[in-house]
J.: 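I have a structure I would like to understand better, so I am pasting it below and will then ask my questions one at a time.
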Amino acid sequence: MKKLLSKIHKVESDILDDYLSYWTEYSVPKNTIMTRKGETERYMYFVISGIQKSYYLNKSKEHIIAFTYSPSFSGIPESFINQSPSNYFLTTITDSKFLRISFKRHQELMQKHRSIETLFRKATESLLIDILNRYYELMAFDIETRFKNFTTRSPHLLQMVSQKDIASYLRIDASNLSKLLGKVRI
């Protein structure tokens with residue numbers, strides 16, 4: 001985690017160590033809903049192991065927004081940042097292990113250390129850029145291009161996540177995903 005954070009923004013070693021000392025281990029079995037629609041995200045998570053998905057439910061159908069896995073952050077970012085009810089769910093796909101920090105402690109440490117606040121701002125900016133790129137991809141690219149981009153970014157997920165979930169994430173029909181798996185060279 002320290003390595004990833006240092007790539008986002010260089011923080012003095014003693015301050016970063018102080019910040020990281022407040023993150024605690026947390027384990028969750030597979031198929032566990034960590035955050036439900038309407039709940040407020042109380043923690044920010046750093047994935048040590050496992051895969052999670054965030055998704056909306058519409059007429060009992062999942063619409064997957066994102067997959068998270070090591071080494072990355074997880075949670076419902078806008079609910080955590082604003083301490084507002086979540087509009088969607090966060091669920092573990094596999095047994096998952098995290099480090100986590102509470103909103104209250106995170107806020108205290110950002111107020112105490114300007115460099116931690118800058119780190120979090122830069123991480124949030126990076127998340128915004130990633131979301132806008134994903135939005136552009138969904139709006140502008142055909143299904144084959146979206147599939148190729150996905151397999152370039154996260155080929156390991158093809159073996160670890162159901163085809164139904166991948167199809168939902170790519171906004172394509174599951175039968176089209178099957179055709180792409182047979183047609184596109186990975």
Side-chain angles (χ1 to χ4, degrees), residues 1-30 32-55 64-138 149-150 152-157 160-161 169:
M1 182 175 177
K2 193 173 191 176
K3 186 177 177 181
L4 178 68
L5 294 177
S6 294
K7 287 181 180 180
I8 297 169
H9 177 70
K10 194 73 174 160
V11 175
E12 299 87 345
S13 187
D14 59 326
I15 292 174
L16 187 56
D17 288 342
D18 181 47
Y19 177 66
L20 294 176
S21 73
Y22 291 97
W23 289 72
T24 57
E25 285 195 15
Y26 181 69
S27 296
V28 182
K30 70 179 181 177
T32 300
I33 298 175
M34 293 176 58
T35 307
R36 296 178 187 282
K37 179 180 179 179
E39 293 178 351
T40 300
E41 185 69 79
R42 302 284 181 216
Y43 294 93
M44 177 172 29
Y45 300 92
F46 181 79
V47 183
I48 297 171
S49 64
I51 302 170
Q52 306 78 45
K53 64 181 176 181
S54 54
Y55 59 93
I64 297 179
I65 303 163
F67 297 109
T68 53
Y69 47 88
S70 182
S72 68
F73 291 97
S74 189
I76 309 290
E78 64 276 22
S79 178
F80 180 79
I81 291 167
N82 294 323
Q83 286 299 278
S84 60
S86 174
N87 289 317
Y88 51 97
F89 296 80
L90 175 67
T91 300
T92 57
I93 295 174
T94 64
D95 291 345
S96 298
K97 187 174 180 180
F98 306 92
L99 293 174
R100 72 179 187 175
I101 190 168
S102 71
F103 176 80
K104 182 180 182 220
R105 180 66 68 193
H106 180 68
Q107 290 297 311
E108 290 169 357
L109 291 165
M110 285 198 309
Q111 290 194 0
K112 181 178 175 184
H113 302 293
R114 171 70 183 192
S115 57
I116 296 297
E117 182 180 36
T118 301
L119 169 67
F120 188 65
R121 177 185 51 80
K122 287 185 174 187
T124 304
E125 290 169 354
S126 179
L127 175 64
L128 175 61
I129 290 165
D130 290 346
I131 290 169
L132 291 172
N133 285 335
R134 172 139 161 78
Y135 183 74
Y136 169 74
E137 189 174 281
L138 287 171
N149 288 350
F150 175 78
T152 299
R153 246 188 343 263
S154 306
H156 60 288
L157 291 181
M160 305 170 97
V161 176
Y169 174 78

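Given the structure is predicted, the values throughout are model-derived calculations rather than measurements.
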J.: NZ of Lys30: more than 12 outside heavy atoms within 6.0 angstrom?
T.: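 Counting other residues, nucleotides and ligands, NZ of Lys30 stays at 12 neighbours or fewer.
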
J.: What's the separation between atom OG1 in Thr32 and atom CD in Gln52, rounded to the nearest 0.5 Å?
T.: 10.5 Å

J.: Atom OG of Ser27 and atom CZ of Phe98: how far apart are they, to the nearest 0.5 Å?
T.: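 Output value for this atom pair is 8.5 Å.
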
J.: Could you check, using the six-membered ring where one of them is a Trp, whether Tyr88 and Tyr55 have ring centers closer than 6.0 angstrom?
T.: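 Centroid separation for Tyr88 and Tyr55: 6.0 Å or greater.
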
J.: Minimum heavy-atom separation for Phe89 and Arg36, please, with both atom names.
T.: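 It is CD2-CA, 3.7 Å.
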
J.: Looking at Met160 and Ile93, what are the two nearest heavy atoms and their distance?
T.: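 Looks like O-CG2, 4.3 Å.
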
J.: Would you say the side-chain atoms of Thr68 pair up with the backbone N or O of Phe73, donor to acceptor, closer than 3.5 Å?
T.: no

J.: Rounded to the nearest 0.5 Å, what separation is found between the OG1 atom of Thr24 and the CG atom of Leu99?
T.: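 Going from OG1 on Thr24 over to CG on Leu99, the span is 7.5 Å.
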
J.: Only one of Gln107, Glu41, Arg42 clears side chain to side chain donor-acceptor pair (under 3.5 Å) with Gln83; which?
T.: Arg42

J.: Looking at Arg121 and Glu117, is there a salt bridge between them, counting it only when a charged N and a carboxylate O are closer than 4.0 Å?
T.: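 No, no charged N to carboxylate O under 4.0 Å.
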
J.: Closest approach of Phe67 and Lys53, non-hydrogen atoms and distance?
T.: CD2-CB, 4.0 Å

J.: Evaluate the criterion side-chain contact (heavy atoms from CB on, under 4.5 Å) for residue pair Tyr69 and Thr94; output intermediate values, then yes/no.
T.: CA-CA 10 Å; Tyr69 47 88; Thr94 64; over 6 Å; no

J.: Side chains of residues 43-50: which donor-acceptor partners sit under 3.5 Å, not counting sequence neighbours?
T.:
none

J.: Tyr135: which residues meet the ring-ring contact (aromatic ring centres under 6.0 Å, His included) condition with it, sequence neighbours left out?
T.: none

J.: Taking all non-hydrogen atoms of both residues, which atom of Leu16 and which atom of Val11 are closest, and how far apart?
T.: N-CG1, 3.8 Å

J.: Taking only residues two or more places apart in sequence, or in another chain, which ones meet Phe80 in a ring-ring contact (aromatic ring centres under 6.0 Å, His included)?
T.: Phe103, His106

J.: Less than 4.0 angstrom from a charged side-chain N to a carboxylate O is my criterion; do Glu108 and Arg105 meet it?
T.: yes

J.: Between the side chains of Glu39 and Ser86, is a donor N or O closer than 3.5 angstrom to an acceptor N or O?
T.: no

J.: For the residue pair Arg134 and Ile64, what are the closest heavy atoms and their distance?
T.: NH2-O, 3.5 Å

J.: Please examine the side chains of Thr124 and Leu128, heavy atoms only from C-beta on, and report whether any two atoms are closer than 4.5 Å.
T.: no

J.: Which distance, rounded to the nearest 0.5 Å, do you find between the CD1 of Ile51 and the OG of Ser74?
T.: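 With rounding to 0.5 Å, CD1 (Ile51) is 11.5 Å from OG (Ser74).
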
J.: Heavy atoms only: give me the nearest Leu109-Ile116 pair and the separation to one decimal.
T.: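 Heavy-atom minimum between the residues: O-CB, 4.1 Å.
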
J.: Within this structure, what is the CE-CZ distance for the pair Met34 and Arg100, rounded to the nearest 0.5 Å?
T.: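 Rounded to the nearest 0.5 Å, the CE-CZ separation comes out at 7.5 Å.
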
J.: Give a yes or no on whether the backbone of Ser84 and the side-chain of Ser79 come within a donor-acceptor separation of less than 3.5 Å.
T.: yes

